[in-house]
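Each remark here refers to the structure printed beneath this line.
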Protein chains: 2
Amino acid sequence: MVRRTGRRPGNPDTRDAILATARTAFAEKGYDGASIRHIATGAGVDPALVHHYFGTKDKLFLAAMNSPMDPGVVIPQALAGDPDAVGERLVRLFLSVWDSPAGNAGVAMLRSAVSSEWTARLFREFVVSQVLRRVRDLVPMSPEEAPLRVSLVASQLAGLAMARYVIKVEPLASAPPEVLVAAIGPTIQRYIHGDLPGAWPTDPKPPSD
Amino acid sequence: MVRRTGRRPGNPDTRDAILATARTAFAEKGYDGASIRHIATGAGVDPALVHHYFGTKDKLFLAAMNSPMDPGVVIPQALAGDPDAVGERLVRLFLSVWDSPAGNAGVAMLRSAVSSEWTARLFREFVVSQVLRRVRDLVPMSPEEAPLRVSLVASQLAGLAMARYVIKVEPLASAPPEVLVAAIGPTIQRYIHGDLPGAWPTDPKPPSD
């Protein structure tokens, strides 16, 4: 008999039950609302087993989404360095992941995200908790502006993935990565650091007098 | 008995057979390769009946896609006017269609496009023949640059639709349209008219000597 070792310990049925329960919990309660304890109860196992199999809540979420990479690792790498070139670095990183064999898992995530309201909610929780919060926490931005800025970044990168890997609009679908880094990098740069005139009212409530 | 009049003449079964055959033809042969004669043969009807039901090949494609609007009408409207504000006008037009009840049909098109390779091909033919070609034909751009420019525009608008209407990333999902016009309009403007340094080699082949 071969014993499975390394990253995927344990009974496959138990793992799958935990992952299925985790997907439901993250979609229905959101990342912050879902707890390992609650997920363990739903899957009929001890919380210690979930920790043993998957480690942290972040890692459990990655496994539940079949994420092709760990945003907790790659995003800090992309954001480190010259702030004036952060847009180009993010586009380059994005393309390097999606152009690799891991990109198939990305397309599968995107297809799943679009297939129903429920899977869209799960994907949104993933993007917000694993990607957008990290960008927001690592890049100096004013707290009022940060949420819109990072959701604009998400819109351009999601559209890049759609156009290049799903819809395959030419010549974007087969353009060399550096062509797209030069074209789209400045968009991301402006969304993060640029002037977005009138993009947010300083206060949505009228001043009291 | 009520006789159906106006825009949807004829036997519903015959109409549906023509639309199903048209979807296959547009996906498999592309917009240019598909002909009304071929589609009529596939559906077992006379080409004159297809013309009678649907009019032009463009209109047949719109009907086959359940398109919420006719790009042949709205795009020329958006592109007319000050060239320095074409980006803002395109974003404003895009949001006005998608924020309206017609937006549900747009989301359905997007969901369908992502669901399989086949539907992605159909959607790509639609976007290229009905949307991107019109933008390219109506906006002065150099012929070498136009294809990449319009596919970049498509990437940002597809991502806006994904982020606002499908994934619903906040605050982008509920931002007032003019906030997004101010934020995303300049991106579209730059993709159409701006400087995209290094984005295309002048000639992919090495010069002969």
Side-chain angles (χ1 to χ4, degrees), chain A residues 107 110-117 119-128 132 146-173 175-176 178-184 186-188 190-191 194-201, chain B residues 107 110-117 119-128 131-132 147-173 175-176 178-184 186-188 190-191 194-201:
Chain A
V107 171
L110 210 52
R111 282 197 204 290
S112 166
V114 173
S115 66
S116 75
E117 287 288 336
T119 51
R121 218 154 53 215
L122 182 63
F123 187 68
R124 179 176 64 237
E125 280 302 315
F126 182 78
V127 170
V128 170
L132 301 188
L148 183 60
R149 288 187 183 277
V150 295
S151 62
L152 288 167
V153 170
S155 80
Q156 175 62 87
L157 295 181
L160 173 58
M162 285 286 287
R164 185 169 172 90
Y165 306 101
V166 179
I167 313 296
K168 296 176 184 160
V169 180
E170 291 294 353
L172 194 149
E178 284 306 311
V179 166
L180 300 178
V181 168
I184 298 175
T187 299
I188 305 297
R190 176 172 160 274
Y191 289 160
D195 202 23
L196 300 183
W200 33 81
Chain B
V107 171
L110 211 52
R111 282 198 204 290
S112 166
V114 172
S115 66
S116 75
E117 286 289 334
T119 52
R121 218 152 57 215
L122 182 63
F123 187 69
R124 177 176 67 238
E125 280 302 314
F126 182 78
V127 170
V128 170
V131 181
L132 301 188
L148 183 61
R149 288 187 183 276
V150 296
S151 62
L152 288 166
V153 170
S155 80
Q156 175 61 86
L157 294 182
L160 173 58
M162 286 285 286
R164 184 169 171 92
Y165 305 102
V166 179
I167 312 297
K168 296 176 185 161
V169 180
E170 292 294 355
L172 195 150
E178 284 305 313
V179 167
L180 300 178
V181 168
I184 297 175
T187 298
I188 305 297
R190 175 171 162 275
Y191 288 159
D195 202 24
L196 300 184
W200 32 80

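Proteins come first, then strands; the chains are lettered A, B, ... in the order of their sequence lines, and each starts at number 1. Values below: all heavy atoms of this structure, side chains included; hydrogens, waters and symmetry mates excluded.
How far CG of B:L122 is from CD1 of A:I167: 10.0 Å, rounded to the nearest 0.5 Å.
Comparing A:A175, A:A163, A:S155 by heavy-atom pairs within less than 4.5 Å of chain B, the highest count is held by A:S155. When the candidates B:A158, B:P186, B:A154 are compared by the number of heavy-atom contacts under 4.5 Å with chain A, B:P186 comes out ahead.
Annotation: side chain of A:M162 is in contact with side chain of B:V114 (closest heavy-atom distance under 4.5 Å).
Heavy-atom minimum distance, A:S151 versus B:E170: CB-O, 4.0 Å.
Of the residues listed (B:T187, B:L160, B:L152, B:I184), the one engaging A:Q156 in a side-chain contact (heavy atoms from CB on, under 4.5 Å) is B:T187, and it is the only one.
Using a 4.5 Å cut-off between heavy atoms, B:S116 contacts chain A through its backbone alone, with no side-chain atom that close. With a threshold of 4.5 angstrom between heavy atoms, A:L110 approaches chain B through its backbone and through its side chain. For A:R121, no part lies under 4.5 angstrom from a heavy atom of chain B.
A donor-acceptor pair is defined here as one N or O able to donate and one able to accept, closer than 3.5 Å; no such pair exists between the side chain of A:R124 and the backbone of B:V166.
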